Amino acid sequence: MIGKNVRARFAPSPTGALHIGGAHTALFNWLWARHNGGRFILRIEDTDRERSTPEYERTILDGLKWLGLDWDEGPDIGGGRGPYRQSERLHSYMERAEELLDRGLAYKDGDAVIFKVPSGEEMVLHDLIYGDINIQSGRVSTNQDGSVKDIVMIKSDGMPTYNYAVVIDDHDMNITYVIRGEDHISNTPKQMLLYRAFGWELPEFAHLPMILGADKKKLSKRHGATSVFEYSDMGYLPDSLFNFLALLGWTAGNDTEIFDRALATELFDLANVTKKPAVFDMDKLNFVNQEHLKRLDPASRREAVEPFWQLLDLPLERFGKKYLEDALSLMGGRGRTTRELAEFSDYFLDFEPVKLRYDASDIPEERRLVLREFFGELLNLPIWGAQEMEEFARRWCERNETPLKDVAMPLRWVLTGRKVSPGVFEVTALLGRDECRARLTRYGLAG
RNA sequence: GGUCCCAUCGUCCAGAGGUCCAGGACGCCGGGUUCUCAGCCCGGUAACAGGGGUUCGAAUCCCCUUGGGACUGCCA
């Protein structure tokens, strides 16, 4: 299908956590590499001595792993084209700079090395997504007054600049596809000039549309969560963020919107990537997350929710896996995130939060007497099952000319402390006779 | 200011000259199921930025305008 073997890379600079834009870029590179059976390479661009830290590098790697993006070559696992950290490749940059210096294509300015930008040359950037873009070399890098500005390759501190290092590295690492954000389109001509100076073959370029906030401005801190771990903390599944991010600027076609990594990998194609910047829409993310939540098997769902129950200080250890999984399966589609699922189901694990939410002061005394009678009978049913309880309740209500909700709602409040829950007899059945008796008694409705 | 990019429902995508008085999804609104809510089912709302061309015919091609965006660092 494509002429060359795919070597794609993600090259973040460790000056912050893995943010949404970076994750999106990494994701598309990963998808393209995996789709073609190629290699996905991770390179750390830590030439900014001021802002780069090992901690940030760590969190970026962790973020990628969390998203399920694995790499074949990288700073932590090595590979045949390493090292994969720019700070460890300084000799290559110097060596190549000397070469251009010797050939008179660059000059020194103090300790810095500057590339002499030629003017009057025509170039065409063949972008796989944006199509052909015509470039005049004299306009690639200019001063405010429009005059040609030469390109710094090596800074005075001995570190290479981005536009220079990226060319050396992509060449040395034999990167065949450079897939990155659209904000790099205007950098590409500078890099092309360097490729030309070295006489190297260009990689394929593919620029991805930007991701915008709801106000259509480039996604930033003021739009709220920007790091992938913030989404993890909010209770979004990695599979969901993966799915959602893949949908920004690309469609699988044939109305497929919910997919896992395998399906996305199979269907992905750079040819189907959009040019238009995409707005990050939380509503859609919520929808995607809920869909993935629904598709989770009971054990996986339990494992995803457990950390959030823990955060709420609920006595997780008192319950068996089966009980917790049953509770979550009763929760059904309630809750769009694992965090919400945990919150909305707290009463299955502990009575304390229920007491905090509800005091039964809304039940008048005469009503209380009637309810005691009903709950008394309910608690003594021979078979403790949801169906049995519901049948009993319906019969009892019919007999007493009472709407079912008049007993169902009080029961719900007492058991869950909420006005919303799964079917109340389901809840009652799962909680167990003893627990229900205890809760009802506490509110003076039984015992 | 300069260079470059983009432009279909509120949002994400379909649409690659006729099959489009524009299709799907999210959201929103209404209805059904019902002990609540979610879910599920059914229905609805809503767009080709504007103006010129080209053509028998344009959402699709060209130009202009307008509106967004990116870059313009010895940051990446």
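Just so it is clear: chains get the letters A, B, ... in the order the sequence lines come, proteins before strands, and each one is counted from 1. Computed from a predicted structure; not experimentally measured.
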I'd like the C1' distance from rU72(B) over to rU60(B), given in whole Å.
34 Å
Mind checking if Val279(A) touches a base, just sugar-phosphate, or nothing, with heavy atoms under 4.0 Å?
sugar-phosphate
Give me the distance, rounded to whole Å, that separates rA14(B) from rA25(B) when you measure between the P atoms they each carry.
16 Å
pair_partner(rC61(B)), Watson-Crick or wobble, both distances < 3.5 Å, evaluates to rG53(B)
Checking base pairs now: Watson-Crick or wobble, both atom distances under 3.5 Å. What partners rC9(B)?
none
Mind checking the P distance from rA49(B) to rG31(B)? Whole angstroms is fine.
35 Å
May I ask which nucleotide in the shown strands pairs with rA70(B), Watson-Crick or G-U wobble, both distances under 3.5 Å?
rU3(B)
Decide whether Asp145(A) and Ser147(A) meet the rule of one side-chain donor and one side-chain acceptor closer than 3.5 Å.
yes
I'd like to know if the side chain of Arg336(A) pairs up with that of Ser240(A) as donor and acceptor (distance under 3.5 Å, no hydrogens or angles considered).
no
Just name whichever nucleotide pairs with rC40(B), Watson-Crick or G-U, keeping both distances under 3.5 Å, else none.
rG32(B)
Should Arg96(A) and Asp172(A) count as an ion pair when the cut-off is N to O under 4.0 Å?
yes
Taking the P atom in each of rG18(B) and rA59(B), what is the distance between them to the nearest angstrom?
11 Å
Write down the distance separating the P atoms in rA47(B) and rC4(B), rounded off to the nearest Å.
35 Å
If we count only N and O atoms by modelled type, under 3.5 Å, do the side chains of Tyr162(A) and Glu45(A) hold a donor and an acceptor together?
no
Any salt bridge between Arg295(A) and Asp260(A), counting N to O under 4.0 Å?
no
Which one is paired to rC21(B), where only Watson-Crick or G-U wobble pairs with both distances under 3.5 angstrom count?
none
Please give the distance between the C1' atoms of rC29(B) and rU55(B) as a whole number of Å.
42 Å
Using the P atom on both, measure rG23(B) against rC63(B) and round to a whole Å.
29 Å
Measure from the ring center of Tyr177(A) to the ring center of Trp32(A) and say whether it is less than 6.0 Å.
yes
For RNA chain B, what residues of residues 327-350 of chain A have any heavy atom nearer than 4.0 Å?
Gly333(A), Arg334(A), Arg336(A)
Any residue in residues 255-274 of chain A with a heavy atom nearer than 4.0 angstrom to RNA chain B? Just list them by number, or reply none.
Asp255(A), Glu257(A), Asn272(A), Thr274(A)
Worked verdict on Asn286(A) versus Tyr236(A) for side chain to side chain donor-acceptor pair (under 3.5 Å)
CA-CA 8 Å; Asn286(A) 282 326; Tyr236(A) 291 96; 2.6 Å; yes
State whether Lys275(A) and Asp127(A) are salt-bridged, where the test is any N-O pair (Lys NZ or Arg NE/NH1/NH2 against Asp/Glu carboxylate O) under 4.0 Å.
no
Sticking with atom P, work out how far rC56(B) lies from rG1(B), rounded to a whole angstrom.
41 Å
Range on RNA chain B touched by chain A, heavy atoms, distance below 4.0 Å
rG1(B) to rA76(B)
Quick one: do Arg58(A) and Glu55(A) make a salt bridge, cutoff under 4.0 Å?
no
Would you please indicate if the ring centroids of Trp30(A) and Phe242(A) are separated by under 6.0 Å?
yes
